[in-house]
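Below, all heavy atoms of this structure are taken into account, side chains as well, without hydrogens, waters or symmetry copies.
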Amino acid sequence: MSDALQLRALRGATTATANSHAAISEAVAELLDALVERNGLEGPQLLSVTFSVTADLDACFPAAIARHRHGWDGVALLDCQQMAVAGDLPRCIRLLAHAWLEPERPVRHAYLREAARLRPDLAAL
């Protein structure tokens, strides 16, 4: 990438309405759309996305959903299970993305649905 760009970290989270392929797909697509839109991202700007899910979501892999997005064939994708903590938000999908962005561009994270209460300071951005 150009010297004018910096590698930046983007965070996000959402919840699925159920442990089904359809519900997880819908939640992941909505989360990725929000992250892309808020940060003006295009496929080549994204280096990697790591998804973590709570143990109650095992119907499909979020990375498999992201892999089918147009222009994302060069993005490194990984799934893992979120550490189990008592009282954690159920059916939660979190992500950490690394993207090349202009240094002056503010990073805009995406906390959607019930996950907005995890980071209310970032949910409204």
Side-chain angles (χ1 to χ4, degrees):
M1 285 269 124
S2 164
D3 290 338
L5 300 177
Q6 287 183 340
L7 186 59
R8 312 283 294 278
L10 307 167
R11 293 277 304 153
T14 191
T15 52
T17 56
N19 181 29
S20 69
H21 187 279
I24 294 169
S25 294
E26 177 186 353
V28 168
E30 180 184 34
L31 179 58
L32 294 176
D33 287 346
L35 203 66
V36 165
E37 181 182 320
R38 291 175 185 197
N39 292 283
L41 296 174
E42 296 179 15
Q45 288 177 270
L46 283 162
L47 182 63
S48 66
V49 181
T50 300
F51 294 93
S52 67
V53 297
T54 49
D56 54 0
L57 292 179
D58 62 5
C60 67
F61 295 105
I65 297 159
R67 179 179 49 225
H68 297 293
R69 292 179 69 90
H70 179 72
W72 283 47
D73 52 329
V75 180
L77 301 167
L78 177 69
D79 289 305
C80 59
Q81 191 173 72
Q82 183 72 28
M83 190 174 101
V85 175
D88 194 13
L89 187 61
R91 295 182 312 278
C92 189
I93 304 162
R94 294 171 172 91
L95 68 73
L96 172 63
H98 292 94
W100 295 104
L101 296 172
E102 299 82 10
E104 64 279 357
R105 184 191 252 320
V107 171
R108 299 198 53 218
H109 306 285
Y111 285 82
L112 309 177
R113 301 182 182 191
E114 294 298 314
R117 52 185 218 212
L118 296 173
R119 289 298 305 263
D121 56 322
L122 299 176
L125 297 177

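Residues T17 and R91 fail the side-chain proximity criterion, which asks for heavy atoms closer than 4.5 Å. Taking 4.5 Å as the limit, every side-chain heavy atom of R119 sits out of range of all side-chain heavy atoms of H109. Side-chain contact between F51 and L78: absent, with no pair of heavy atoms (C-beta onward) separated by less than 4.5 Å. A 4.5 Å side-chain heavy-atom check between L10 and R38 finds every atom pair outside the cut-off.
In this structure, N19 and A59 approach most closely via the heavy-atom pair OD1-N, 3.1 Å. Counting all heavy atoms, side chain and backbone alike, T15 lies closest to P90 at CG2-O, 3.8 Å. Considering all non-hydrogen atoms of both residues, P62 and I93 come closest at CG-CG2, 4.4 Å. Across all non-hydrogen atoms, the minimal contact from E30 to R113 is OE1-NE, 2.6 Å. Taking every heavy atom of both residues into account, A110 and L31 meet most closely at O-CD1, 3.4 Å. Of all heavy-atom pairs between L95 and R11, the closest is O-NH1, 3.2 Å.
Residues F61 and L96 fall into different hydrophobic clusters, defined by Ile, Leu, Val, Met, Phe, Trp and Tyr side chains chained together at heavy-atom separations under 4.5 Å.
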Please table the atom pairs, donor to acceptor, closer than 3.5 Å between any side-chain atom in residues 64-76 and protein atoms at least two apart or in another chain.
| residue | atom | partner | partner atom | Å |
| --- | --- | --- | --- | --- |
| H68 | NE2 | A64 | O | 3.4 |
| R69 | NH1 | D33 | OD1 | 3.1 |
| R69 | NH2 | D33 | OD1 | 2.8 |

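The side-chain hydrogen bond (donor to acceptor under 3.5 Å, both in side chains) test with S52 is passed by exactly one of R94, Q81, Q82: Q82.
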Practice prompt. Apply side chain to side chain contact (heavy atoms under 4.5 Å, CB included) to R8 and N39, showing your working.
Written response: CA-CA 11 Å; R8 312 283 294 278; N39 292 283; over 6 Å; no
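In the displayed structure, E37 atom CD is contacted under 6.0 Å by at most 12 heavy atoms of other residues, nucleotides or ligands.
To the nearest 0.5 Å, the span separating CZ on R105 from CG on L41 amounts to 7.5 Å. Rounded to the nearest 0.5 angstrom, L118 CG and T14 OG1 are separated by 10.0 Å. Annotation: the span from D56 atom CG to L89 atom CG amounts to 9.0 Å, rounded to 0.5 Å. For the atom pair CG (L35) and CG (L46), the distance works out to 7.5 Å, reported to the nearest 0.5 Å.
Remark: the backbone N or O of A84 is not paired with any side-chain donor or acceptor of D88 at under 3.5 angstrom.
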